[in-house]
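What follows is a set of notes on a single structure, which appears directly below.
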Amino acid sequence: MSEQLTKRADDYAKWYNDLVLKADMAEHSEVRGCMVIKPHGYAIWEKMQRALDDMFKATGHVNAYFPLFIPKSYLAKEASHVEGFAKECAVVTHYRLKSDPVHGVVVDPEAKLEEELIIRPTSETIIWNTYRGWIKSYRDLPLLINQWANVVRWEMRTRLFLRTAEFLWQEGHTAHATKEEAVEETMRMLDVYTRFAEEWLAIPVIKGVKSASERFAGAEDTYCIEAMMQDGKALQAGTSHFLGQNFAKAFDVMFTTKENKQELVWATSWGVSTRLVGALIMTHSDDHGLVLPPKLAPVQVVIVPIAKNGEQLTAIGEYIEPTITALRVKGITVKFDNDDQKKPGWKFAEYEFKGYPVRIAVGPRDMENGTVEVARRDTLEKQVMQVTDLADKVEHLLTAIQDNLYQKALAMRENMTRAVNSYEEFKVEIEKGGFLMAHWDGTAETEERVKQETKATIRCIPLEGDRVPGTCMVTGKPSTQRVLFARAY
RNA sequence: CGGGGUGUAGCUCAGCCCGGUUAGAGUGCUACGUUCGGGACGUAGAGGCCGAUGGUUCGAAUCCAUUCACCCCGACCA
């Protein structure tokens, strides 16, 4: 194999980086902190978008698009929001260049903006400023809007897909007449993300609420789904915020009730990003390369003919054609790789590395026997199958792979999740990685101390499972339930 | 912003300590032939301002200074 991949056990971070680059998903751009998402990576994101967008539509949302540029003053209107994002905003100060004999082009000092624009790190402010004009009456509510967009957060340190200066995401922004409706919406979207993670990404997640210090800047409550990567670190896979009336207050968004009273609107926002591509990689992939759950694989089944010459290739094409048709009728994406420039062995390695879930090899021997060789990427098992009813068998196999990936990820998480009862035990256990369920007194001081001393943070206060009270592992004060601690991405 | 590293062929890198013909390898690329059930082989070829600038020197990929870029580890964050 010419493309040597670092082993996970040797250096997990390097393995991840190598994999992203060598599987042709993305590369570093010339601009620091930014990446080029290449077709194989982007196709995965497109599949995610499609599935999520359908789920958003099914829950009553519509798409719209708001500007990339936000007047600087908007950000300042919500106190905690500005505090959260000010440090990482790119700012546009001028609107024109002019040619310069020495430097080619320079910023035209004459073209300074009256009010500087920031490039959105998120869109709450501009959206709520717009909503003010849209919402007048209870009849205008609820307003359920999503946008697919890019955002920029000037990060000091970046990693492909997991953290880049610019990234792609969706952000839902909804407005409601009552607190109850807004809370309900927050939870509904958290459930949508949970279903998406488990059914599509094949990643089991823990639903929870963030502690105050991890809360979104401007939210009353931030809910999240937390996933565990193979190295035992946590990764936040989605968030849903109950924003209360904070943005309505900041942007003066009032509506007239049935009783003809003026009231502030209740808000939510929720989002997932291209970081999910990173989550996908770090959950399922192995030392042989990318492993993709069938539901998100751009191509689910690749067929590699093994032919000595053009006639054989044609014969194989005819032999397998009914299967290809039958697979496509089932909505399964199939690629018949009849490129005679590349050899079968090369193709095997290539498709394996890029994570195609199922590979079917067909050669002269198969045509004699009425068979094909079917290889599954998740287990690397190969078996010879009769070509009869092959499409049905492959369909079942894809389902089995999807299920197997989820079960494997779940088993891994279960193995690496444990309850700890003392801080001493915690300090030892956290070094081994994984999720630690421990009692916490609910104070920011204790949380901060644990973070400083162990680098572990409270990922969330789980909404489900063990909710038995106890005493804080650090201070011994009362705790309402165990919370999830981990080191995180 | 601290610490470490790397810039030489499309890619991965050697050469640099100890300056000296025409700067190398593997891989990829092009052509032709033999091959084709796990990244084939042979033959012939194309491909480089050695990151940039300035010094030292008869002579610099190599020594010195400056500078730029990127990567990795930390602090900050989705």
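Reminder, nothing fancy here: chain letters follow the sequence lines and each chain counts from 1.
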Considering only nitrogen or oxygen atoms on both sides, find all protein atoms under 3.5 Å from nucleotides 4-8 of chain B and state each distance.
none

**Q.** Distance-only polar pair, side chains of T186(A) and S240(A), donor-acceptor under 3.5 Å
**A.** no

Residues of residues 292-309 of chain A with a heavy atom under 4.0 Å from any atom of RNA chain B, listed by number, are I306(A), A307(A), K308(A)

Separation of G39(B) atom C1' from R359(A) atom CZ, nearest Å, is 12 Å

Residue pairs passing the ring-ring contact (aromatic ring centres under 6.0 Å, His included) test with at least one member in residues 300-323 of chain A, sequence neighbours excluded, are none

With sequence neighbours left out, the residues meeting side-chain contact (heavy atoms from CB on, under 4.5 Å) with N338(A) are L313(A), F336(A)

Residues passing the ring pair (Phe, Tyr, Trp, His ring centres under 6.0 Å) test with W346(A), sequence neighbours excluded, are none

As its Watson-Crick or G-U partner within any shown strand, both distances under 3.5 Å, G74(B) has C1(B)

Sorted by chain and number, sequence neighbours left out, side-chain contact (heavy atoms from CB on, under 4.5 Å) with K408(A) holds for N404(A)

With sequence neighbours left out, the residues meeting ring pair (Phe, Tyr, Trp, His ring centres under 6.0 Å) with F216(A) are H81(A), F85(A), H241(A)

Would you tabulate the nitrogen or oxygen pairs shorter than 3.5 Å linking the protein to nucleotides 68-71 of chain B?
unit_1 : atom_1 : unit_2 : atom_2 : d
C70(B) : OP1    : R32(A) : N      : 3.1
C71(B) : OP1    : H28(A) : ND1    : 3.0

Note: contacts of residues 364-385 of chain A with RNA chain B (heavy atom, under 4.0 Å) are P364(A), R365(A), D366(A), E373(A), K382(A)

Query raised in the report: So, W270(A) versus F56(A), ring centres under 6.0 angstrom or not?
Result: yes

Hits for side-chain contact (heavy atoms from CB on, under 4.5 Å) against K233(A), two or more places apart or cross-chain, chain-then-number order -> D231(A), R487(A), Y489(A)

Which protein N or O atoms sit under 3.5 Å from an N or O of nucleotides 75-78 of chain B?
unit_1 : atom_1 : unit_2  : atom_2 : d
C77(B) : O2'    : E155(A) : OE2    : 3.4
C77(B) : O2     : R163(A) : NE     : 2.1
C77(B) : O2     : R163(A) : NH1    : 3.0
C77(B) : O2     : R163(A) : NH2    : 2.1
C77(B) : N3     : R163(A) : NH1    : 3.0
C77(B) : N3     : R163(A) : NH2    : 3.0
A78(B) : O3'    : Q236(A) : NE2    : 3.2
A78(B) : O3'    : R275(A) : NH1    : 3.2
A78(B) : O2'    : R163(A) : NH2    : 3.1
A78(B) : O2'    : R275(A) : NH1    : 2.7
A78(B) : O2'    : R275(A) : NH2    : 3.0
A78(B) : N6     : T164(A) : O      : 2.6

Hits for side-chain contact (heavy atoms from CB on, under 4.5 Å) against T388(A), two or more places apart or cross-chain, chain-then-number order -> Q386(A)

